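These notes are about the structure you will find just below.
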Amino acid sequence: MYEDNDAYVRAVHDKGLQFDLATMSRRRMLATIGGVGLAAAVGGSLVVPGDEATAACVAEVESETAGPYPADGSNGPNVRVLSGVVRNDIRSSFGTASGTAAGIPLTFSLTVQNLSCAPLVGAAVYAWHCDREGRYSLYSSGVTNQNYLRGIQATDSSGTVTFTSIYPGCYSGRWPHIHFEVYRSLAAATTAAGQIVKTSQIALPQSVSQAVYATTGYSQSVTNLSRISLATDMVFRDDLAAREMATVTGSVTSGFVANLTITVPA
């Protein structure tokens, strides 16, 4: 599809105003940015506060582009309909594919609530992200035969899904992030015609990303992160990820845990 990440950035920008309006909704003219990106060292681990720590009910999360590598059937392969895609641990490929993504461990949880601030129980979340080299399985050169770092789960009684993964790399032109789609049910998420309730992205904090990228295997991410900011990122710049920035705790030795609470239409 796109063999380099610069082509990805150009392709999305070239879609013009109509594309931007269709994929970015409910933007606030004045973004609330207090606290986002601040980090504190706690017992040798990094702790980054997120919005959900101070607000039990948040405004509807922004709709974002799924990008060119969703593998949801919209532009090529549809991993959602494959047996084995419903899983907690997304580090390895499944089905007929074989391979495991290397990197610093990351466990990330997404808590989904409706516009009345009640947990959305029994919904489904499809999550995917790049590997530590910035490559997307099924699309990027070198990993077209892999389907790792993709998975689906149904929300539990608290509206939460949790995935075991690795910390994604930072590729040229994009802030470190995780993609996700929310579906009304697990059945909808695993069928070709399933209706998407929300498409958005999880932003990862700068201080944590810098710590991860100083480790083996993430060297290119150091340069890429130094050339991007939330204010210049094509997705997060409109509101500086006020409702998309995850709270992250942990360390490079023990791994990291990310949490985000979002509100979506029921």
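Note that this is a predicted model, so its numbers are computed, not measured.
- Taking both residues in full, the closest heavy atoms of Arg174 and Asp233 are given as NE-OD1, 2.8 Å, listed atom of the first, atom of the second, then distance.
- Counting heavy atoms from C-beta outward, Pro265 and Lys198 have side chains that approach closer than 4.5 Å.
- Considering all non-hydrogen atoms of both residues, Val182 and Ala123 come closest at CG1-CB, 4.5 Å.
- Going from atom OG of Ser63 over to atom CD1 of Ile196 covers 10.5 Å, rounded to the nearest 0.5 Å.
- The OG1 atom of Thr249 lies 7.0 Å from the CG atom of Asn259; values are rounded to the nearest 0.5 Å.
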Problem - Verdict with reasoning, Arg237 to Trp175, per side-chain contact (heavy atoms from CB on, under 4.5 Å) - result: CA-CA 10 Å; Arg237 64 188 176 193; Trp175 187 264; over 6 Å; no
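- Leu138 has its side chain within reach of Arg150: a pair of non-hydrogen atoms, C-beta onward, lies under 4.5 Å apart.
- Considering every non-hydrogen atom in both Tyr218 and Ile104, the closest pair reads OH-N, 3.1 Å.
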Exercise for the section: For the pair Ile90 and His129, evaluate side-chain contact (heavy atoms from CB on, under 4.5 Å) and give the outcome as yes or no after the intermediate values. Expected result: CA-CA 10 Å; Ile90 63 174; His129 62 81; 4.3 Å; yes
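- Taking CD1 of Ile178 as the start and CG of Leu260 as the end, the distance is 9.5 Å to the nearest 0.5 Å.
- Between Tyr69 and Tyr136, the ring planes lie parallel to each other; the angle is under 30°, not in the 30° to 60° tilted range.
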Exercise for the section: Show your working on side-chain contact (heavy atoms from CB on, under 4.5 Å) between Glu62 and Arg243 and close with a plain yes or no. Expected result: CA-CA 7 Å; Glu62 284 72 19; Arg243 284 173 291 280; 2.2 Å; yes
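- A distance-only check finds no donor-acceptor pair linking the side chain of Thr261 to the backbone of Thr111 [under 3.5 Å].
- The hydrophobic clustering, which links ILVMFWY residues whose side-chain heavy atoms are closer than 4.5 Å, places Leu82 and Tyr139 together.
- With values rounded to the nearest 0.5 angstrom, Ser109 atom OG is found 9.0 Å from Ile202 atom CD1.
- Side-chain N or O atoms of Asp131 include none that pairs as donor or acceptor with a backbone N or O of Ala101 at under 3.5 Å.
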Exercise for the section: Test ring-ring contact (aromatic ring centres under 6.0 Å, His included) on His177 and Tyr171 and set out the steps. Expected result: CA-CA 10 Å; His177 63 282; Tyr171 53 86; 5.7 Å; yes
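- Ser254 places no side-chain N or O within donor-acceptor distance of the main-chain N or O of Gly250, the cut-off being under 3.5 Å.
- Note on Leu240: it clusters hydrophobically with Met234, by side-chain heavy-atom contacts below 4.5 Å among ILVMFWY residues.
- Pairs of residues two or more places apart, or lying in two chains, that qualify as side-chain hydrogen bond (donor to acceptor under 3.5 Å, both in side chains) and include a residue from residues 78-87 are Arg80-Tyr183.
- Between Ala124 and Ser185, the closest heavy-atom pair is CB-O, 3.5 Å.
- Listed by chain and residue number, Thr232 satisfy the side chain to side chain donor-acceptor pair (under 3.5 Å) test with Ser229 (two or more places apart in sequence, or in another chain).
- With hydrogens and angles ignored, the 3.5 Å screen pairs a side-chain donor or acceptor of Ser137 with a backbone N or O of Tyr148.
- Under the rule for a side chain to side chain donor-acceptor pair (under 3.5 Å), Ser219 has no partner lying at least two apart in sequence or in another chain.
- Residues Val252 and Val222 fall within the same hydrophobic cluster, defined by Ile, Leu, Val, Met, Phe, Trp and Tyr side chains chained together at heavy-atom separations under 4.5 Å.
- The side chain to side chain donor-acceptor pair (under 3.5 Å) test applied to Thr164 returns Asn88, not counting sequence neighbours.
- Using modelled atom types, one side-chain atom of Gln153 and one backbone atom of Thr162 make a donor-acceptor pair closer than 3.5 Å.
- Put simply, the residue from Tyr126, Trp128, Phe163 that forms a ring pair (Phe, Tyr, Trp, His ring centres under 6.0 Å) with His179 is Trp128.
- For residues 91-120, the salt bridge (Lys or Arg N to Asp or Glu O under 4.0 Å) pairs, not counting sequence neighbours, are Asp89-Arg91.
- Applying the salt bridge (Lys or Arg N to Asp or Glu O under 4.0 Å) rule to pairs touching residues 176-197 yields nothing, sequence neighbours excluded.
- For Thr144 (side chain) and Ser140 (main-chain N/O), no donor-acceptor pair under 3.5 Å exists by modelled atom type.
- Cluster annotation: Val79 and Leu186 are assigned to the same hydrophobic cluster (Ile/Leu/Val/Met/Phe/Trp/Tyr, side-chain heavy-atom contacts under 4.5 Å, transitive).
- Pro168 places a side-chain heavy atom less than 4.5 Å from the side chain of Leu106.
- Considering all non-hydrogen atoms of both residues, Leu149 and Cys130 come closest at CD1-O, 3.4 Å.
- In the model, Thr263 has a side-chain atom that pairs as donor or acceptor with a side-chain atom of Gln113 under 3.5 Å.
- Between the OG atom of Ser172 and the CG atom of Leu225 there is a distance of 12.0 Å, given to the nearest 0.5 Å.
- Proximity of a side-chain donor or acceptor of Ser221 to a complementary backbone N or O of Tyr213 within less than 3.5 Å is not detected.
- Proximity of Val208 to Tyr167: side-chain heavy atoms (C-beta onward) are separated by under 4.5 Å at one or more points.
- Thr199 OG1 to Gln201 CD: the interatomic distance, rounded to the nearest 0.5 Å, is 9.5 Å.
- Donor-acceptor pairing under 3.5 Å is recorded for the side chains of Glu244 and Ser200.
- Cluster membership check: Phe180 does not share its hydrophobic cluster with Val121, using side-chain heavy-atom separations under 4.5 Å among Ile, Leu, Val, Met, Phe, Trp and Tyr.
- Nearest heavy atoms, Ile228 versus Gly173: CD1-O, 3.8 Å.
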